[in-house]
**Student:** 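Mind having a look at this structure? Questions to follow.
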Amino acid sequence: MAAAAGGAPLIETVGLARRYALGDATVHALVDATLRIDAGELVAIVGPSGSGKSTLMNLLGCLDRPTAGVYRLDGREVGGLDGDARAEIRNRRIGFVFQSFNLLARTTALENVELPLYYGPLPLAEQRPRAEAALARVGIAHRAHHVPSRMSGGEQQRVAIARALVGDPALVLADEPTGNLDSRTSGEIMTMLVELNRATGVTMVIVTHDPEVAAATDRVLEFRDGRIVADTPAAPRHGARTRATRAEA
């Protein structure tokens, strides 16, 4: 694997694989995925349905364990950890953004953003101000006391992004974050994600079918039949950080 432009990677996988039993057959959902992503990168994962994108996302998010291979997050081997240890990493190191927003329907935007903090080390007195600041950062502070049904799709996704960022994670994983939005709102959300990536330095990995979303990132990882078939740097953006060199998969 080629060396990165500097420092240890935030994400490093070597020969990562995930297999499932389906009756008498074995499904190879992910095959020999070797890659590295440096801290601060903004990376898109693309490919047709069933290509391995979501499987990789689940492994990177510590939602699942690999069948084979190594996954290091910030230098720590996490692929083989038990459920409790992976849950702690998810709470303290990883933020998630989903296509369907996944907000609690009967709680306000502020309460939705506060929720991850209940399970972390932040003192109770600091949780509400932290959540309010996260909502302000994504431009939705004026909707803090509204429930999701009273918000547009774009507003709900802003709340979901605030929730992902409120715990100050090292990594944000976004699964089709613009998939339920119209083209104008999709562009606004993607612009905001790029700006947050630049401003905070948080690493972001985005699964998407939208070529415009992929074009806004630093690198595009293309999957097919469970394998990484391309790792393409995007054109340099003004103010973008140096990207890792191509990792051979």
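Any value given below was found using the heavy atoms of this structure, including those in side chains, with hydrogens, waters and symmetry copies removed.
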**Student:** Working to the nearest 0.5 angstrom, can you tell me the gap between L73 CG and I37 CD1?
**Tutor:**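 Reported value, rounded in 0.5 Å steps: 10.5 Å.
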
**Student:** Taking V220 as the starting point, is it possible to reach I228 by hopping between hydrophobic residues whose side chains are less than 4.5 Å apart?
**Tutor:**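 No, it is not one cluster - the side chains of I228 and V220 are not joined through contacts under 4.5 Å.
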
**Student:** Is there side-chain contact between V159 and F101, with at least one heavy-atom pair below 4.5 Å?
**Tutor:**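 No, their side chains stay 4.5 Å or more apart.
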
**Student:** Measure across P177 and Q157 and return the closest heavy-atom pair with its distance rounded to 0.1 Å.
**Tutor:**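 Heavy atoms only, the tightest pair is O-NE2, 2.7 Å.
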
**Student:** Among V97, L135, N112, L115, find the residue that satisfies the side-chain contact (heavy atoms from CB on, under 4.5 Å) test when tested with R163.
**Tutor:**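 Only one of V97, L135, N112, L115 forms a side-chain contact (heavy atoms from CB on, under 4.5 Å) with R163, namely N112.
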
**Student:** Flag yes if V31 and V207 sit in one hydrophobic cluster, no otherwise; membership is Ile, Leu, Val, Met, Phe, Trp, Tyr, and two members link when side-chain heavy atoms are under 4.5 Å apart.
**Tutor:**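 V31 does not cluster with V207.
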
**Student:** Give the minimum heavy-atom separation between A141 and A136, together with the two atoms involved.
**Tutor:**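 The pair with the smallest heavy-atom distance is CB-CA, 3.9 Å.
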
**Student:** Look only at the side chain of T26 and the backbone of A21, and say whether a donor-acceptor pair between them is shorter than 3.5 Å.
**Tutor:**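 No, because the side chain of T26 does not come within donor-acceptor range (under 3.5 Å) of the backbone of A21.
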
**Student:** Between T67 and R19 (side chain of the first, backbone of the second, donor and acceptor by atom type, cut-off under 3.5 Å), is there such a pair?
**Tutor:**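 At least one qualifying donor-acceptor pair exists.
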
**Student:** When you measure from the side chain of R36 to the backbone N and O of E12, does any donor-acceptor pair fall under 3.5 Å?
**Tutor:**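 Side chain of R36 to backbone of E12, a donor-acceptor pair under 3.5 Å: no, none is there.
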
**Student:** Flag the pair L16 / R18 as yes when at least one side-chain heavy-atom distance between them is below 4.5 Å, and no otherwise.
**Tutor:**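 Side-chain contact under 4.5 Å: no.
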
**Student:** Are any non-hydrogen side-chain atoms of V46 and T208 less than 4.5 angstrom apart?
**Tutor:**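 The answer is yes, as the side chains (C-beta and beyond) meet within the 4.5 Å cut-off.
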
**Student:** Nearest 0.5 Å, what's the CG-CE distance between L63 and M57?
**Tutor:**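 Here the rounded value is 10.0 Å.
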
**Student:** Is there side-chain contact between D168 and T200, with at least one heavy-atom pair below 4.5 Å?
**Tutor:**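 Contact flag for D168/T200 side chains = no.
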
**Student:** Does the side chain of T217 reach to within under 4.5 Å of the side chain of V43, using non-hydrogen atoms?
**Tutor:**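 Heavy-atom side-chain distance check fails, nothing below 4.5 Å.
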
**Student:** Please check if the number of heavy atoms outside E77 that lie under 6.0 Å from its CD is greater than 12.
**Tutor:**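 Yes - once you tally the heavy atoms of other residues, nucleotides and ligands closer than 6.0 Å, there are more than 12.
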
**Student:** Can you tell me how far apart SG (C62) and CZ (R93) are? Round to the nearest 0.5 Å.
**Tutor:**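 The SG atom of C62 sits 10.5 Å away from the CZ atom of R93.
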
**Student:** Could you check whether any side-chain N or O of D32 sits under 3.5 Å from a backbone N or O of A17, counting only pairs where one atom can act as donor and the other as acceptor?
**Tutor:**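 No; judged by distance alone, with no hydrogens or angles, the pair does not exist.
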
**Student:** Could you report the tightest heavy-atom contact between A44 and A214, atom names first, then the distance?
**Tutor:**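 Scanning both residues, the minimum pair turns out to be CB-CA, 3.8 Å.
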
**Student:** Counting C-beta onward and ignoring hydrogens, is there a side-chain heavy-atom pair between R72 and V14 closer than 4.5 Å?
**Tutor:**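 R72 reaches V14 side chain to side chain.
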
**Student:** Are the side chain of R130 and the backbone N or O of V166 linked by a donor-acceptor pair below 3.5 Å?
**Tutor:**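 A pair under 3.5 Å: yes.
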
**Student:** What's the spacing between Y71 OH and R76 CZ if we round to 0.5 Å?
**Tutor:**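 So the OH of Y71 and the CZ of R76 are separated by 11.0 Å.
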
**Student:** Taking all atoms of both residues into account, what is the closest heavy-atom pair of A162 and V138, and its distance?
**Tutor:**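 That would be CB-CG2, 3.9 Å.
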
**Student:** Using every non-hydrogen atom in the two residues, find where L30 and G52 come nearest and quote the distance to one decimal.
**Tutor:**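 Minimum heavy-atom contact is CD1-O, 4.0 Å.
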
**Student:** So which pairs with a foot in residues 142-153 pass salt bridge (Lys or Arg N to Asp or Glu O under 4.0 Å), sequence neighbours left out?
**Tutor:**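 Qualifying pairs: R143-E155.
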
**Student:** Looking at S51 and P48, would you say the former's side chain and the latter's main chain have a donor-acceptor pair under 3.5 Å?
**Tutor:**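 Yes, because the side chain of S51 sits within donor-acceptor range (under 3.5 Å) of the backbone of P48.
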
**Student:** Of the options L173, L35, I94, which is the one that meets L60 in a side-chain contact (heavy atoms from CB on, under 4.5 Å)?
**Tutor:**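 The residue from L173, L35, I94 that satisfies side-chain contact (heavy atoms from CB on, under 4.5 Å) with L60 turns out to be L173.
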
**Student:** Work out which heavy atom in G79 is nearest to a heavy atom in P66; give both atom names and the distance.
**Tutor:**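 Shortest heavy-atom contact: O-CD, 3.2 Å.
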
**Student:** With clusters defined by side-chain heavy atoms of hydrophobic residues (ILVMFWY) lying less than 4.5 Å apart, directly or transitively, does L81 cluster with F96?
**Tutor:**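 Looking at the clustering, L81 is in the same group as F96.
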
**Student:** For R86, which residues count as a salt bridge (Lys or Arg N to Asp or Glu O under 4.0 Å) partner, sequence neighbours excluded?
**Tutor:**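 Counting only residues at least two positions away or on another chain, R86 forms no salt bridge (Lys or Arg N to Asp or Glu O under 4.0 Å).
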
**Student:** Enter the distance from I11:CD1 to D74:CG here, rounded to the nearest 0.5 Å.
**Tutor:**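 Here the interatomic distance stands at 10.0 Å.
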
**Student:** With sequence neighbours left out, what residues match H142 under side chain to side chain donor-acceptor pair (under 3.5 Å)?
**Tutor:**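 H142 satisfies side chain to side chain donor-acceptor pair (under 3.5 Å) with no residue once adjacent residues are dropped.
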
**Student:** Determine which pairs satisfy salt bridge (Lys or Arg N to Asp or Glu O under 4.0 Å) with at least one residue from residues 43-58, sequence neighbours left out, and list them in order.
**Tutor:**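 Residue pairs with at least one partner in residues 43-58: there are none.
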
**Student:** Can you list, pair by pair, the side-chain donor-acceptor contacts under 3.5 Å of residues 186-196, counting residues two or more places apart and other chains?
**Tutor:**
unit_1 : atom_1 : unit_2 : atom_2 : d
S186   : OG     : T178   : OG1    : 3.4
E188   : OE2    : R184   : NH1    : 2.6
T191   : OG1    : G187   : O      : 2.9

**Student:** In Å and rounded to the nearest 0.5 Å, what is the CG to CG distance from L221 to D231?
**Tutor:**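 Going from CG on L221 over to CG on D231, the span is 4.5 Å.
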
**Student:** Between S49 and H209, is a side-chain contact (heavy atoms from CB on, under 4.5 Å) present by the stated rule, with each step listed?
**Tutor:** CA-CA 9 Å; S49 296; H209 283 96; 4.1 Å; yes

**Student:** Tell me, do T13 and V70 make a side-chain contact under 4.5 Å, heavy atoms counted?
**Tutor:**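 T13 vs V70: side chains apart.
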
**Student:** Sequence neighbours excluded and cut-off under 3.5 Å, please list the side-chain donor-acceptor pairs for residues 118-129, or say none.
**Tutor:**
unit_1 : atom_1 : unit_2 : atom_2 : d
Q127   : NE2    : L117   : O      : 3.2
Q127   : NE2    : L122   : O      : 3.1
R128   : NE     : E114   : OE1    : 3.1
R128   : NE     : E114   : OE2    : 2.8
R128   : NH2    : E114   : OE1    : 3.0

**Student:** Tell me if the CG atom of D225 is crowded by more than 12 foreign heavy atoms within 6.0 Å.
**Tutor:**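 Count not over threshold, so no.
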
**Student:** With the side chain counted from C-beta on, respond yes when N180 and Q156 share a heavy-atom pair under 4.5 Å apart, and no when they do not.
**Tutor:**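 No, too far: nothing below the 4.5 Å cut-off.
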
